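Here is the structure we will look at.
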Amino acid sequence: MISYNVIGQPIVRSDGFEKVTGRAQYTGDLKLPGMLWGKVLRSPFAHARIIRVDTSRAVGLPGVHAVLTGDDTRGVRYGRRLFDVPPLAEERVLFAGERVAAVAAESMEIAQNAIDLIEVEYDPLPAIADPLESMKGDAFLLHPDVNDYVGLPKKLEKVSNVFVTNTWGKGELDTGFAQADHILERTYTTPLVHQAYLEPHSCVVFIDEDQRIQIWAANKAPFALRQQLAAAIGVDEDRIRLNPTYIGGDFGGKGSPMDVPLVYFLALHSKRPVRMVMDYVEEFTAANPRHPSVTTVRSGVLNDGTLTAWEARIIFNSGAYGGFKPGVNLGGARDVAGPYKIPHTFVEAIQVYTNSVPGGHMRGPGEPQGIFAGESHLDEIARILGIDPLEFRLKNLVGEGDVTATGSLYRDVKAKETLEAASMAARYGSPLAMNVGRGMAMGARAPGGGETHVGVIFQKDGTVVARTPILDQGTGTYTTVNQVVAEELGLSSDKVQIIPWNTDAVSFDTGIGGSRGTRVASQAAYAAAQNAKQELLRAASEIRGWDPSNLVLKDNKVYKGNTEDYIDFDFVVQNCGFDIQGTSGIEDREQLTVTAFCAQIAEVAVDVETGQIKLLRFTSAHDVGQVLNPIGHQGQINGGVVQGIGYALMEELEVEDGRVSNVTFGDYKIPTMADIPELRTVLVQSKNGVGPYNIKGIGENTNTAVAAAIANAVEDAIGVRVYSLPITAEKVLAALRESNV
Amino acid sequence: MHDFTVHHPQSLQETLILLDRFGDAAQLIAGGTALMNFMKQSLLLPEHIINLQRVQGLQHIQSTKDEVRIGAMVKHREIEKSNLIQNEVPILASTYRRVATIRIRNMATIGGGLAHADPAQDPPSTLVALNARIRIASISGERTISIMDLFQNYYENSLMPGEMITEVIIPSMHSDTKSTYLKFLPRTADDYATVSVSLIATLNENIVRDVRIGLGAVAPTPIRATIAEETLKGHAISDELIQQASNSVAQQVDPLDDFRGSADYKRDMAIVFTKRALQQVLQGPS
Ligand SMILES: Cc1cc2nc3c(=O)[nH]c(=O)nc-3n(C[C@H](O)[C@H](O)[C@H](O)COP(=O)(O)OP(=O)(O)OC[C@H]3O[C@@H](n4cnc5c(N)ncnc54)[C@H](O)[C@@H]3O)c2cc1C
């Protein structure tokens with residue numbers, strides 16, 4: 001391996017000091033002169049016709065500057081890809097929590113009082129919460145006009161609540177099933193869960209004297225948001241500027257425009273800057289949580305454990321709208337078939353409208369749902385065949401040259417090595433006490449591609465400023481840019497300062513998501529640093545009259561070739577007479593031929609009298625390229641596992657009469673430190689990766705297989721399987737009792 | 001949050017006068033951990049808040065020969081850490097230790113907690129098993145009630161307008177009394193109990209001389225498992241007896257379906273945890 005000075009070092013994160021000292025400015029901290037508070041009135045009904053909205057008393061309240069209803073935003077539809085979300089409901093509300101009216105007022109209290117004065121008359125209608133009901137031919141249509149929506153990938157022949165279907169597969173299913181000695185069909189369900197970021201959705205919109213729309217938003221893809229908003233409200237993108245701000249956690253939830261279009265209208269009508277911050281009850285009831293799913297897997301297998309066929313159908317409950325998804329569907333669903341060499345496969349992912357909170361995504365769009373089903377299913381087949389789940393997986397996992405179940409071919413495939421490393425670290429196979437079990441699951445993900453820019457500017461004091469249009473949502477992208485620039489310029493990390501750009505500064509940035517941050521940002525930072533370095537050498541050569549082709553940057557000095565003759569770097573910057581800088585624009589959207597595997601093993605003890613699961617330890621093995629920062633890397637692994645434990649054991653937004661009922665962190669529980677067992681990590685080093693340092697992604701992979709590993713461990717411990725997440729104590733006890741009758 | 005006026009009385013008398021004057025328009029604030037949540041959710045909209053932090057005479061932990069007295073403003077964390085409590089009423093220290101997180105316990109008070117009257121809280125079932133008494137004051141005088149008479153319903157106590165809790169009085173435990181507090185937490189370590197059991201027992205050789213069982217989170221108020229107590233009292237300990245006594249709690253509990261489990265599950269778990277508490281105290285190492 002190449003040795004580096006800054007890359008690979010446990011550098012303290014660039015945003016850490018500002019955050020722990022409370023200096024970091026988030027959107028909700030921003031204060032502009034004359035700024036108003038925006039508030040929303042939400043529907044209490046899951047489905048209703050709006051008969052009348054009377055805003056007269058709210059309009060008359062002193063301090064109120066705008067009161068809007070669906071009439072004021074009529075016809076506007078927005079979204080990330082599919083434009084089906086109205087800023088305010090028009091004729092009908094489609095979920096409990098949908099925005100019906102909004103106000104902008106001089107204080108939060110006045111805004112709330114104004115909201116309380118708005119009278120809405122509803123005609124409640126029957127609601128469909130269950131996607132299976134919604135798919136039926138006689139179900140009423142949530143979106144009769146779906147074929148008119150911008151962004152719908154394919155017009156529906158017959159309009160239905162099923163608005164998009166994606167399929168993957170190869171071979172002939174019939175052939176595969178005909179060959180099989182055993183066929184197993186099972187159905188798995190996963191719940192609606194919230195990302196539980198600390199900072200709720202918030203935004204500030206201000207139309208300035210030049211008629212520019214100035215925006216600060218807790219959104220990790222500002223350029224995409226600019227496009228989405230421009231298209232929705234019909235203005236040129238150039239009129240919109242997204243300004244940098246810190247983002248207080250994301251986990252996939254901070255990619256949608258959320259309230260920005262509505263707050264734009266409030267700013268337009270009130271002619272003032274308007275700030276809107278969702279409270280957490282609103283977050284739980286009306287943001288963009290992870291989709292619930294119902295997945296049926298049917299598989300065929302030979303007696304010797306060779307998989308012959310795999311058919312899976314994932315039904316995603318999209319909720320009332322589809323606009324908060326990163327795509328129109330959730331592509332990760334295909335991972336239900338996993339990195340296995342199954343010859344005959346067919347995977348189908350369906351999105352269905354229902355009268356519930358619209359789904360967005362969370363740490364792997366569609367993958368946690370698919371992998372829970374697929375990896376649970378694999379374990380059950382192994383047990384039916386009497387083959388150890390480890391051996392069964394090793395037999396079917398792809399190796400070099402093998403095509404995965406849904407047709408991907410990778411090189412430098414480390415699937416088996418990763419699983420074996422996890423097995424070693426977890427001491428898989430060593431004796432277990434009564435009611436203790438181990439279970440495993442696997443995932444794989446290549447980092448996504450995209451576009452970004454970086455600027456590197458030498459400062460007269462010998463430091464360097466690096467500019468990026470990426471907004472770090474907590475995963476450490478600023479630190480990545482810092483380390484790359486420091487490395488390439490031979491500086492220590494503390495000499496590089498990150499200053500984010502607004503959207504006027506460069507043409508485009510894809511934004512954070514899909515584990516692309518490190519892949520794209522490291523390449524852009526590398527290129528910008530190289531360009532800046534060339535400029536520096538050129539400046540040094542001009543000052544000294546040296547041959548520019550033979551200069552070396554080392555230890556803050558520019559050396560003439562291999563001689564002892566040098567010039568101090570800050571001297572060059574101070575005396576060259578121009579700004580020394582380098583910029584880069586990187587576009588790398590290539591579908592990668594390397595991926596990253598993850599294998600996880602849970603060890604649990606089950607209390608058979610109560611059903612309670614105690615996690616004893618949790619082991620993760622990751623196949624990695626060059627780790628840029630071991631602290632950040634391990635943080636992603638630990639955080640992903642902890643979030644996966646919540647998904648596996650306790651998290652669920654419960655919906656009663658179409659309304660989310662557990663709307664506080666007292667009722668919606670996420671794991672605390674005391675609930676986390678010993679976490680073990682093993683890294684399997686791979687030579688291949690992407691970009692100048694051969695990196696792989698780590699953000700999502702850590703999270704997607706956790707629930708299946710735990711479900712499999714529970715079956716190993718007590719011989720019963722729970723097919724629906726979360727695997728609560730009560731469900732385990734019920735399953736145990738059922739198995740004993 | 002809505003507008004309100006905060007008062008900072010220094011003495012009990014001053015507090016009681018304010019309470020009398022503002023009546024329903026006022027709320028006392030002790031640790032504020034429950035009140036602030038209610039106010040943020042607009043469940044309570046007091047115009048006046050009377051802060052108990054500076055009131056003299058509500059901060060003591062004292063013991064006499066046969067009782068321990070705890071002032072209403074003593075914090076959970078102080079009870080948990082108090083040597084006096086640990087020695088004289090160990091179950092009380094161990095119960096307070098199980099409440100929420102250190103952050104909450106550093107703020108929440110014994111008086112505020114009892115007035116809050118959520119049956120899923122930890123201390124109530126233990127104080128019920130301890131036969132605690134509650135001292136109550138108002139401008140027109142004082143009264144002392146059994147803790148069983150404090151709890152009326154979910155979040156409902158029996159205090160009259162103008163009244164407040166000043167002290168909790170706990171009869172001392174005999175030195176040969178054994179006890180345990182079990183809190184069932186199937187979700188997270190900082191959750192409220194799905195069920196909780198407080199058990200205090202005195203044995204004479206193998207015979208149960210006295211036993212008191214408090215159950216939390218299984219009814220609109222904390223309850224005593226009286227049938228189980230009667231089943232046990234005067235009898236020789238056996239597995240059958242313990243099982244029989246434990247099964248009987250199913251008749252006495254009346255739980256709700258909620259995020260911590262269905263009513264049926266809580267009923268079953270009340271049996272399991274009563275049994276575990278009995279096994280631990282009656283059959284465990286002495
Ligand atoms: C996140 C969280 C988790 C929790 N988890 C648990 C748990 O696991 N177990 C548990 O047992 N509890 C738990 N609690 C509840 C906690 O115990 C109560 O909030 C606390 O006991 C209330 O005490 P306080 O002093 O803060 O009361 P306050 O909030 O100040 O007051 C509560 C109510 O009592 C009234 N009041 C206060 N003092 C008096 C008095 N002297 N006389 C009469 N009325 C009075 C107030 O007017 C108010 O109506 C939790 C609370 C939170 C916020």
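In what follows, chains are A, B, ... by sequence order, proteins preceding strands, each numbered from 1. Just so it is clear, the structure is predicted and the values come from calculations on it, not from any experiment.
More than 12 heavy atoms of other residues, nucleotides or ligands lie within 6.0 Å of CG in B:L43, so this atom counts as buried by the packing criterion. Within 6.0 Å of the CD atom in A:E678, the count of heavy atoms belonging to other residues, nucleotides or ligands exceeds 12. Atom CZ of A:R617 is surrounded by more than 12 heavy atoms from other residues, nucleotides or ligands within 6.0 Å. Counting heavy-atom neighbours within 6.0 Å of A:K19 NZ, excluding the residue itself, gives a total above 12. Within 6.0 Å of CG in A:D657 there are 12 or fewer heavy atoms belonging to other residues, nucleotides or ligands.
Atoms NZ and OH, from A:K669 and B:Y192 in turn, are 9.0 Å apart once rounded to the nearest 0.5 Å. The CG atom of A:D675 sits 9.5 Å away from atom CG of B:D191, with the distance rounded to the nearest 0.5 Å. Taking CZ of A:R737 as the start and CG of B:D268 as the end, the distance is 4.5 Å to the nearest 0.5 Å. Once rounded to the nearest 0.5 Å, the distance linking CG of A:L653 with CZ of B:F259 reads 9.5 Å. Put simply, OG1 on B:T188 and CD1 on A:I676 are 10.5 Å apart, with the number rounded to the nearest 0.5 Å. Between the CG atom in B:D190 and the CD1 atom in A:I670 there is a gap of 9.0 Å [rounded to 0.5 Å].
Ranked by heavy-atom pairs under 4.5 Å with chain B, the list A:A734, A:A674, A:S661 is led by A:S661. Of the listed residues (A:T672, A:I613, A:T610), the one with the most heavy-atom contacts under 4.5 Å to chain B is A:T610. When B:K275, B:H2, B:Q41 are compared by the number of non-hydrogen pairs under 4.5 Å with chain A, B:K275 comes out ahead.
The side-chain heavy atoms of A:E730 and B:M269, taken from C-beta on, include no pair separated by under 4.5 Å.
Within the 4.5 angstrom heavy-atom criterion, no atom of A:N113 approaches chain B. Both the backbone and the side chain of B:S262 come within contact range of chain A, judged by heavy atoms closer than 4.5 Å.
For A:D667 and B:R187, the salt-bridge test fails: no basic side-chain N is under 4.0 Å from an acidic carboxylate O.
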* Show your working on side chain to side chain contact (heavy atoms under 4.5 Å, CB included) between B:R276 and A:E609 and close with a plain yes or no. => CA-CA 11 Å; B:R276 289 182 180 184; A:E609 258 187 329; 2.8 Å; yes
